[in-house]
Number of protein chains: 2
Amino acid sequence: MGEKGTQTRVRMLGAAQGLIESGGYHGAGLNQVLAASGAPRGSLYFHFPSGKDQLVAEALERAGQEISALVRDLADAGPDTAAVVGSLLDVLADRLETSGWSKGCPVATVALEVSASNETLRQVCAEVYRSWESALEGRLAADGHPAPQDTATAILALVEGALLLARVQRSREPFARVARAVAALL
Amino acid sequence: MGEKGTQTRVRMLGAAQGLIESGGYHGAGLNQVLAASGAPRGSLYFHFPSGKDQLVAEALERAGQEISALVRDLADAGPDTAAVVGSLLDVLADRLETSGWSKGCPVATVALEVSASNETLRQVCAEVYRSWESALEGRLAADGHPAPQDTATAILALVEGALLLARVQRSREPFARVARAVAALL
DNA sequence: AAAAATATGTAGACCGATCTATTGAGAAAA
DNA sequence: TTTTCTCAATAGATCGGTCTACATATTTTT
């Protein structure tokens, strides 16, 4: 794989990631991905021989790793779990608002869209959530928290719920309320 | 509106509701709605002159009212909020599992799909969530709970998060964990 | 070092399928 | 008879995917 090839590939993945995040699987039409990345149609099937599903799967994995890295960074920096989750909510709320309420959870939309119709992509999404959950659980266990597994799942559910509600209502309010609830929970 | 007309209309709404719930906006193709309801193409545009968006909007409102009624019934029956939320989670988990992991939140998928591209439907979804939230808040306030607003939003976020995670992972486990977290929260 | 051969990408025309929407004739109900 | 509603044919756009020709590197051969 030459230099130019990788560049095009990365551009296409980035374009797909952005479109998926704001409009899900069906919101990321191949024509739009191509237009956004400036690549012609043939290049897509050169770099992603299995077509759209392969492109979407790789874009989801990339997005998943980005959030994982974010959680890891915050987890290393924060004094305790409560502070970590607090700043995670802040970062996500900022990201959502500054994007014009279009960038919420990068996998939730696809997860719900395809969970009943595309087993491969469903598993990709499940794996992403699993990795986030275990990152949270690790930090909770390190803090000596009782029931780290239950709490990690609950925090993930709260964050996903907040992302959904805030996006639909176009308001940071759900984040603020959830943050206070998390403080009470931990 | 005659008897036969209403029947067709209701059948179409029901078909749309089911398809939307398992595959979202794009999962509910008009051909599928028509096939599932046994109605011809022309009838759809007779009963829903504004086309697909009107059909989807009414289906979402119907689904919203069904869940509102469920929450209201449970809220009237349960001894306290913790018990109410517990049985709500049970009912939703049963519904999800028995449907083959296809019936989660009836509005979440559409909400995420269209929140950046269809202002009308976005507002319909926002209104549905608002009504559920206020139903929860009412029960919390009646129980004399401190910060009923924060807690209602947090519970709704938890429930939505659990529906998402359980559906993607095809497991009741997220419900069980969230239920224990809710018990700790209340 | 020059030339030939091979691998790596680019480029867009084109295909069948599917999508939502429109139309108008005619059956059923009031 | 007039309104209500059904029914299928059809339109036009867009979808994901395939195909072949072409350009640009990289390697091999002479």
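A note on names: the letters A, B, ... follow the listed sequences, proteins ahead of strands, and every chain is numbered from 1.
Rounded to whole angstrom, the span from the CG atom of B/Leu30 across to the C1' atom of D/dT14 amounts to 15 Å. When rounded to the nearest whole Å, the span between NE2 of B/His26 and C1' of D/dG16 equals 14 Å. If you measure from atom CG of B/Leu55 to atom C1' of C/dT20, you get 12 Å, rounded to the nearest angstrom. In this entry the distance linking CE of B/Met12 with P of D/dC7 reads 11 Å, nearest Å. For A/Asp53 and D/dC15, the CG to P distance is 16 Å, given to the nearest whole Å. Between A/Leu44 atom CG and D/dG16 atom P there is a gap of 10 Å when expressed in whole angstrom units. When the P atom of C/dC19 is taken as reference, atom CG of B/Leu34 falls 11 Å away, rounded to whole Å. Whole-Å rounding puts the A/Leu19 CG to D/dG16 C1' distance at 15 Å.
A/Tyr25 is not connected to A/Met12 by any chain of hydrophobic side-chain contacts under 4.5 Å among Ile, Leu, Val, Met, Phe, Trp and Tyr, and they are in different clusters. The same ILVMFWY cluster, assembled from side-chain heavy atoms under 4.5 Å apart, contains both A/Leu88 and A/Val128.
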message: Before you tell me yes or no, could you show the steps for A/Arg139 and A/Asp143 under salt bridge (Lys or Arg N to Asp or Glu O under 4.0 Å), namely the whole-Å CA-CA distance, both residues' side-chain angles and the distance that decides it to 0.1 Å?
response: CA-CA 6 Å; A/Arg139 172 72 211 218; A/Asp143 280 9; 3.2 Å; yes
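The distance from atom NE2 of A/His47 to atom CG of A/Leu55, rounded to the nearest 0.5 Å, is 11.5 Å.
With sequence neighbours excluded, the residues forming a side-chain contact (heavy atoms from CB on, under 4.5 Å) with A/Gln123 are A/Glu119, listed by chain and number.
Contact annotation: B/Asn31 side-chain N/O to C/dT18 OP1/OP2 distance is not under 4.0 Å. Close to D/dC5, at under 4.0 Å from its OP1 or OP2, lies no side-chain N or O of B/Thr8. At the phosphate of C/dT22, neither OP1 nor OP2 sits under 4.0 Å from any side-chain N or O atom of B/Tyr45. For A/His47, a side-chain nitrogen or oxygen approaches OP1 or OP2 of C/dT10 to under 4.0 Å.
Looking only at distances, no side-chain donor or acceptor of A/Trp101 sits under 3.5 Å from a matching main-chain atom of A/Gln169.
Just one of B/Arg177, B/Glu173, B/Arg180 meets the side-chain hydrogen bond (donor to acceptor under 3.5 Å, both in side chains) condition when paired with A/Thr153; it is B/Arg177.
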Polar atoms only, N or O, under 3.5 Å: list the protein pairs with nucleotides 8-12 of chain D and their distances.
residue: D/dA8; atom: N6; partner: B/Gly42; partner atom: N; Å: 3.0

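For B/Phe46, the listed nucleotide lying nearest its side chain is D/dT6; candidates were C/dC19, D/dT6, C/dT10.
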